[in-house]
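Atoms considered below: every heavy atom in the structure, side chains included; atoms not considered: hydrogens, waters and symmetry mates.
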Amino acid sequence: MKIRGDIQRDNRAGGAQARYGFFLGESLVTLTIGLGLLMMLGAVIVKQHHQEKILAERRTAVRACEDAVLTLRSGKTLGTDAGENVQVENVADAAPAGMRWVRVRAMVGGKKEAIVALLPGESR
């Protein structure tokens, strides 16, 4: 509705200013929520990557233990490359005749793993 020439009157409270202010507020809230979700997603991805590295190191240590057991089972001695990271010790438990229990420990990247295996040979 026009009153006296080019002066225009708006019947809504606050006029167009209220509408733009509401839109700006909604946009800021949406942006804040979106940034918060992105930050949480980033933190989860970093944590997952860290856990993947830990699991990979543990799998490598278990593989080193298994390789050592297979080498000892075939009657060979452990090589010098495995000697630093892999330790073999006899376990005092009773074993079948001609066999012995051993505990094989390996350390890779600060992660220690151990397996117990039955090997041929008499207990020492």
Side-chain angles (χ1 to χ4, degrees):
M1 160 189 325
K2 287 194 173 195
I3 302 175
R4 277 192 255 145
D6 60 342
I7 299 175
Q8 193 173 14
R9 191 174 124 197
D10 197 348
N11 290 332
R12 292 176 289 178
Q17 292 290 337
R19 190 170 36 154
Y20 289 124
F22 183 71
F23 179 75
L24 180 65
E26 275 187 348
S27 298
L28 289 176
V29 168
T30 303
L31 190 62
T32 303
I33 291 172
L35 287 174
L37 289 174
L38 280 175
M39 288 173 55
M40 287 175 24
L41 180 63
V44 167
I45 289 172
V46 167
K47 181 138 179 110
Q48 179 183 2
H49 180 69
H50 179 68
Q51 294 298 325
E52 284 176 359
K53 284 174 55 177
I54 290 172
L55 284 174
E57 289 173 351
R58 292 184 80 154
R59 281 193 303 267
T60 304
V62 168
R63 247 182 257 119
C65 288
E66 291 170 346
D67 288 343
V69 167
L70 289 175
T71 302
L72 293 171
R73 232 181 229 160
S74 66
K76 300 175 186 172
T77 58
L78 292 178
T80 56
D81 58 336
E84 296 176 4
N85 295 332
V86 178
Q87 298 157 354
V88 180
E89 63 183 36
N90 287 323
V91 178
D93 291 341
M99 303 295 274
R100 64 187 168 114
W101 288 107
V102 294
R103 178 175 289 118
V104 181
R105 293 184 178 158
M107 186 160 129
V108 175
K111 303 296 177 237
K112 296 179 184 178
E113 288 295 325
I115 60 173
V116 176
L118 190 61
L119 297 178
E122 294 299 320
S123 296
R124 297 176 198 148

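A distance of 11.5 Å separates CG in L70 from SG in C65, rounded to the nearest 0.5 Å. Annotation: the span from Q48 atom CD to Q51 atom CD amounts to 9.5 Å, rounded to 0.5 Å. Rounding to the nearest 0.5 Å gives a distance of 14.0 Å between NZ of K112 and CD of E57. Atom-to-atom distance recorded for H50:NE2 and L55:CG is 10.0 Å, nearest 0.5 angstrom. To the nearest 0.5 Å, the span separating CG on L28 from CD1 on I33 amounts to 11.5 Å. Rounding to the nearest 0.5 Å gives a distance of 13.0 Å between CD of E52 and NZ of K47.
Following chains of ILVMFWY side-chain contacts shorter than 4.5 Å, one cannot reach M107 starting from I115, and the two form parts of different hydrophobic clusters. A chain of hydrophobic side-chain contacts below 4.5 Å, direct or via other Ile, Leu, Val, Met, Phe, Trp or Tyr residues, connects V86 to V102.
Residues R103 and A114 share a closest heavy-atom pair of CG-CB, 4.3 Å. The heavy-atom pair separating L118 from P96 by the smallest distance is CD1-CD, 4.1 Å. Closest heavy-atom contact between A117 and R73: CB-NH2, 4.3 Å. Here the shortest heavy-atom pairing between K111 and A61 reads O-CB, 4.1 Å. Summarising the geometry of V104 relative to V69, their closest heavy-atom pair is CG2-CG2, 3.6 Å, with the distance given to 0.1 Å.
The backbone N or O of A94 sits less than 3.5 Å from a side-chain atom of W101, completing a donor-acceptor pair. A donor-acceptor contact shorter than 3.5 Å is absent between the side chain of R105 and the backbone of E89.
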Go through the steps for L72 and K76 under the test side chain to side chain contact (heavy atoms under 4.5 Å, CB included), then give the verdict. CA-CA 5 Å; L72 293 171; K76 300 175 186 172; over 6 Å; no
